[in-house]
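Worth saying up front: this structure is predicted, and the values here are computed from it rather than measured.
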Amino acid sequence: MLERLRYYAPYAWRFVVTRDAGPLICGLAVTDRCNLHCRECHVSNTGQGDLTYAHAMEIMRSAHERGCRELYFTGGEPMLWRCGDYGLEDLVRAARVIGYFHVHVYTNGTLGLDTSADLVWVSVDGLAGTYATRRGDHFDEVIAAIEAPGHPPVAIIYTVDRFTAPGIEHFLRWVRRVHLPVAGVMVYFHTPYYGKDELFLDAAERAVVIDKLLELKLEGLPIMNSRAGLKALESGRWTRRMPIALVDDAEGESVCCRASDAVCPDCGYGPCTELWAAQRLKPSAVAAMVRYV
């Protein structure tokens, strides 16, 4: 903890005051392969290929030297990643040796949660019927994986789109009622990486959902987004391509996101607004950030 404070204190000063703090978060899309075929997903199973173990290690070391101390693995489905005898857990352990403070994994949860990462983010977009409209008939197995013992803490990502939006209140109330063992639910909005599609909600439609989420958060439902982050997501007035985050895949490095800049105005990536609000010292976002660090 002392080592983290020594690092974060000067970083926070640069982040807030000079706004030239450099990268802190490194993401590795280790594979684009996925065992699901979610509705309107065009970013998985593209044939892009996997990172090799050597390439992943090179990226992690380089990002750490450049200042990154937070690391996450994503895909595709990162639990599918293999390189010879190496699996995802080998990369998680290597990240700790390199010196990353926190290691996260983003997964669909259908392949279990067997990892020593600090936190696992599992995509669950509603109760069974709503979930099926986006990801198929896997709700029960994903919830069973979350409820199983022996894995790291879990947080849920709920991606709001035209078909999952009606189910979010029911889902949040269910999570609280059954005491699902999760840190909370982080809300994203569907981002049209390859053009607006049937899932896309425009700004006015998003605003209706966000206003409801703000009410539900006041009620105490387990929404991880801060009030400031939700309001920024609603207004659209937040900085895109924040250089605090890097993401790498087999084709190279991007700042913040692997999508083209044309997508930025319709971005629905909740964590970006949290970082933006924390940089502007919005109390609810700062409080969330302090709890995390």
With the side chain counted from C-beta on, respond yes when [X] and [Y] share a heavy-atom pair under 4.5 Å apart, and no when they do not.
{"X": "Tyr158", "Y": "Met186", "value": "no"}
{"X": "Arg280", "Y": "Thr239", "value": "yes"}
{"X": "Asp249", "Y": "Leu51", "value": "no"}
{"X": "Ile168", "Y": "Val160", "value": "yes"}
{"X": "Tyr193", "Y": "Cys41", "value": "no"}
{"X": "Val154", "Y": "His151", "value": "yes"}
{"X": "Glu147", "Y": "Pro181", "value": "yes"}
{"X": "Val30", "Y": "Asp50", "value": "no"}

Roughly how far, to the nearest 0.5 Å, is the [atom2] atom of [Y] from the [atom1] atom of [X]?
{"X": "Asp248", "Y": "Thr74", "atom1": "CG", "atom2": "OG1", "value": "12.5 Å"}
{"X": "His55", "Y": "Cys83", "atom1": "NE2", "atom2": "SG", "value": "11.5 Å"}
{"X": "Leu80", "Y": "Thr31", "atom1": "CG", "atom2": "OG1", "value": "6.5 Å"}
{"X": "Leu214", "Y": "Leu216", "atom1": "CG", "atom2": "CG", "value": "9.0 Å"}
{"X": "Leu213", "Y": "Leu221", "atom1": "CG", "atom2": "CG", "value": "9.5 Å"}
{"X": "Arg162", "Y": "Leu201", "atom1": "CZ", "atom2": "CG", "value": "5.0 Å"}

I'd like to know if the side chain of [X] and the backbone of [Y] have a donor-acceptor N/O pair within less than 3.5 Å.
{"X": "Asp32", "Y": "Gly76", "answer": "no"}
{"X": "Gln279", "Y": "Phe15", "answer": "yes"}
{"X": "His190", "Y": "Asp197", "answer": "no"}
{"X": "Asp90", "Y": "Gly87", "answer": "yes"}
{"X": "Ser284", "Y": "Ala228", "answer": "yes"}
{"X": "Ser62", "Y": "Ile59", "answer": "no"}
{"X": "Arg69", "Y": "His102", "answer": "no"}
{"X": "Ser123", "Y": "Ile157", "answer": "no"}
{"X": "Thr18", "Y": "Arg14", "answer": "yes"}
{"X": "Asp125", "Y": "Thr159", "answer": "yes"}

**Q.** Reference residue Asp161; test salt bridge (Lys or Arg N to Asp or Glu O under 4.0 Å); the match among Arg134, Arg206, Lys196, Arg135
**A.**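 With Asp161 as partner, Arg134, Arg206, Lys196, Arg135 yield a single salt bridge (Lys or Arg N to Asp or Glu O under 4.0 Å), made by Arg134.
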Non-neighbouring partners of [X] that pass ring-ring contact (aromatic ring centres under 6.0 Å, His included), sequence neighbours left out:
{"X": "Tyr106", "result": "Tyr72, Trp121"}
{"X": "Phe189", "result": "none"}
{"X": "Phe101", "result": "Tyr7, Tyr8"}

When hydrophobic residues are tied together by side-chain contacts of less than 4.5 Å, even through go-betweens, does [X] share a cluster with [Y]?
{"X": "Val97", "Y": "Tyr86", "value": "no"}
{"X": "Leu24", "Y": "Leu246", "value": "no"}
{"X": "Val178", "Y": "Val182", "value": "yes"}

Q | Pair Thr110, Glu141: side-chain N/O donor-acceptor within cut-off below 3.5 Å | A |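 Note: Thr110 and Glu141 side chains miss the donor-acceptor criterion.
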Q. Are a donor atom and an acceptor atom from the side chains of Glu77 and Asn108 found within less than 3.5 Å of each other?
A.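 Glu77 vs Asn108: donor-acceptor pair found between side chains.
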Closest heavy-atom contact between [X] and [Y]?
{"X": "Ala165", "Y": "Val209", "result": "CB-CG2, 4.1 Å"}
{"X": "Ala250", "Y": "Gly49", "result": "CB-O, 3.9 Å"}
{"X": "Ala155", "Y": "Met224", "result": "CB-SD, 3.8 Å"}
{"X": "Trp238", "Y": "Leu233", "result": "NE1-CA, 4.1 Å"}

Q) Is the gap between the ring centers of His104 and Phe73 under 6.0 Å? A)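 Judged by ring-centre distance (under 6.0 Å), His104 and Phe73 do not meet the cut-off.
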Q) Do the ring centers of Phe139 and Trp174 come within less than 6.0 Å of each other? A)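 Here the rings of Trp174 and Phe139 have centres that are less than 6.0 Å from each other.
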Do the charged groups of [X] and [Y] touch, with an N to O distance under 4.0 Å?
{"X": "Arg176", "Y": "Glu219", "value": "yes"}
{"X": "Glu3", "Y": "Arg6", "value": "no"}
{"X": "Glu198", "Y": "Arg39", "value": "yes"}
{"X": "Arg173", "Y": "Glu169", "value": "yes"}

Q: Look at atom NZ of Lys282 and say whether more than 12 heavy atoms of other residues, nucleotides or ligands are closer to it than 6.0 Å.
A: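 12 or below, so no.
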Q: Decide if atom CG of Asp85 counts as having more than 12 heavy atoms of other residues, nucleotides or ligands within a radius under 6.0 Å.
A: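 Not buried by this count: 12 neighbours or fewer within 6.0 Å.
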